[in-house]
Asks: 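I'd like to ask you about the structure that follows.
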Amino acid sequence: MQTRDKIVTSDAERYLLVYMIGVLVIVSTLIIVFFIVFQKRKNQLLRDKIKQQQKFDEELLKTQQEIQEETLKHVGRELHDNVGQMLVLATMQMKAAANIVKDEAKSKVDNAASALKESLEEVRALSKSLNSDVIFNLGFDATVKNEVARLNKTGLIASSLVISGEKINFENKKDEIILFRILQEFFSNTLKYAEAEHLKVTLDYKAQFLNIKVEDDGVGCDLNTAEKGSGLINMEKRAELLHAKFQLDSQPENGTILILQYPYRTV
């Protein structure tokens, strides 16, 4: 009887142990499943939050871009309509004065009239580069060409433009303005800081994208240690807005190179 009781007790303990192990496995499985579901949900929420933040940043950048374009457009119109007209009037008056004066004074008046005429041309060229409506009408290539010509007229730097490949018109016309503003920012930094003598712009049209390369022979800098100013940040942000690849390379005494790869985008 004692032996039989021991066997029954042993079987009961065995069943109890198996039951407890089964319960433990089920509970552990539920905990693991819950943790996996919780982690996936947490990761999804984080991804959604990141996407929302990216969308917010993109909308904010677009808004800033639109405000800036409206401001530049207004400045461009003011330069053309007001300052330009004043220079036209001053040029006409100077020419009239040149017809009256003689000898040495005439030479000085002629020089002043010539300077006024050059200033008028510069103001008109500048107003075109600031007004996005003009960029829309001229197109990207023509606008870059005008800007390069304007830089040459300043006498501060020798600039050149090379266009290769079969030209493709942008379906999304706003992208032309954003790309041009990136180039303008580079041009401005070159004139301010690079102490360069030459500037070369290359537009290479490919089937799926446009390669843009801008290089100067200025003093350059170490981008790893240089502080990123608003100009460089603006260029990068604008490139992100276009989903364009952005690469800026610079070495001390070896100039600076900007490379953009713009994928043609639909409206």
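All figures in this text were calculated on a predicted structure; none of them were measured in a lab.
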Asks: For the pair M235 and F186, evaluate side-chain contact (heavy atoms from CB on, under 4.5 Å) and give the outcome as yes or no after the intermediate values.
Replies: CA-CA 8 Å; M235 285 194 289; F186 186 92; 4.2 Å; yes
Asks: With rounding to the nearest 0.5 angstrom, report the CG to OG1 distance, L24 to T29.
Replies: 9.0 Å
Asks: Could you grab the distance from atom CD of Q261 to atom NZ of K213, nearest 0.5 Å is fine?
Replies: 13.5 Å
Asks: For the pair I163 and D141, evaluate side-chain contact (heavy atoms from CB on, under 4.5 Å) and give the outcome as yes or no after the intermediate values.
Replies: CA-CA 8 Å; I163 302 176; D141 287 8; 3.9 Å; yes
Asks: Rounded to the nearest 0.5 Å, what separates atom CD in E176 from atom CD in E171?
Replies: 11.5 Å
Asks: Has K167 got more than 12 heavy atoms of other residues, nucleotides or ligands less than 6.0 Å from its NZ?
Replies: yes
Asks: Determine whether I36 and K40 make a side-chain contact, defined as any pair of heavy atoms from C-beta on separated by less than 4.5 Å.
Replies: yes
Asks: Taking all non-hydrogen atoms of both residues, which atom of A207 and which atom of Y264 are closest, and how far apart?
Replies: O-CE1, 3.5 Å
Asks: Taking atom OH of Y262 and atom NZ of K245, what is their separation to the nearest 0.5 Å?
Replies: 15.0 Å
Asks: So I212 and V144, do their side chains get closer than 4.5 Å, heavy atoms only?
Replies: no
Asks: Measure centre to centre between the rings of F140 and F170, then say whether the value is under 6.0 Å.
Replies: yes
Asks: What's the shortest heavy-atom distance between G220 and S250, and which atoms?
Replies: CA-OG, 3.3 Å
Asks: Search all heavy atoms of D204 against all heavy atoms of S164 and return the closest pair with its distance.
Replies: OD1-OG, 2.9 Å
Asks: Which word best sums up how the rings of F34 and F38 line up, parallel for under 30°, tilted for 30 to 60°, or perpendicular for over 60°?
Replies: parallel
Asks: Taking all non-hydrogen atoms of both residues into account, name the closest pair between S159 and V148 and its distance.
Replies: CB-CG1, 3.6 Å
Asks: Could you state whether F246 and I177 fall into the same hydrophobic cluster, counting links through intermediate Ile, Leu, Val, Met, Phe, Trp or Tyr residues with side-chain heavy atoms under 4.5 angstrom apart?
Replies: yes
Asks: Before giving the answer on side-chain contact (heavy atoms from CB on, under 4.5 Å), spell out for N211 and L260 the whole-Å C-alpha distance, their side-chain angles and the decisive distance to 0.1 Å.
Replies: CA-CA 6 Å; N211 274 336; L260 288 169; over 6 Å; no
Asks: What pairs with E215 under side-chain hydrogen bond (donor to acceptor under 3.5 Å, both in side chains), at least two apart in sequence or on another chain?
Replies: none
Asks: Can you tell me if Q44 has over 12 outside heavy atoms packed within less than 6.0 Å of its CD?
Replies: yes
Asks: Could you tell me whether the side chain of E147 reaches within less than 4.5 Å of the side chain of F180, counting heavy atoms only?
Replies: yes
Asks: Using a strict cut-off of less than 4.0 Å between a Lys/Arg side-chain nitrogen and an Asp/Glu carboxylate oxygen, indicate whether D175 and K173 qualify as a salt bridge.
Replies: no
Asks: Quick one: does Y205's side chain have a donor or acceptor within less than 3.5 Å of a partner on L210's backbone?
Replies: no
Asks: Do the side-chain N and O atoms of Q251 and D249 include a donor-acceptor pair separated by under 3.5 angstrom?
Replies: no
Asks: Looking at every non-hydrogen atom in both residues, tell me the closest pair between K145 and L161 and how far apart they are.
Replies: CA-CD2, 3.7 Å
Asks: Check whether any side-chain heavy atom of L248 sits under 4.5 Å from a side-chain heavy atom of L232, and report yes or no.
Replies: yes
Asks: Any side-chain heavy atom of V219 within less than 4.5 Å of one from T256?
Replies: no
Asks: Examine the side chains of Q184 and R181 and answer whether a donor and an acceptor come within less than 3.5 Å of each other.
Replies: yes
Asks: Could you tell me the separation between the CG atom of N172 and the CG atom of N169, rounded to the nearest 0.5 Å?
Replies: 13.0 Å
Asks: Tell me, yes or no, whether the heavy-atom count around Q39 atom CD, taken from other residues, nucleotides or ligands under 6.0 Å, exceeds 12.
Replies: yes
Asks: Measure the CD1-CZ distance between I182 and R238 for me, rounded to the nearest 0.5 Å.
Replies: 7.0 Å
Asks: If you look at every heavy atom in A244 and P263, which pair is closest and at what distance?
Replies: CA-CD, 3.9 Å
Asks: What pairs of residues pass the side chain to side chain donor-acceptor pair (under 3.5 Å) test when at least one of them lies in residues 190-201, not counting sequence neighbours?
Replies: T190-D216, H198-D217
Asks: Do V162 and V201 have side chains that approach each other closer than 4.5 Å (heavy atoms only, starting at C-beta)?
Replies: no
Asks: Evaluate the criterion side-chain contact (heavy atoms from CB on, under 4.5 Å) for residue pair L179 and L242; output intermediate values, then yes/no.
Replies: CA-CA 8 Å; L179 275 177; L242 300 176; 3.7 Å; yes
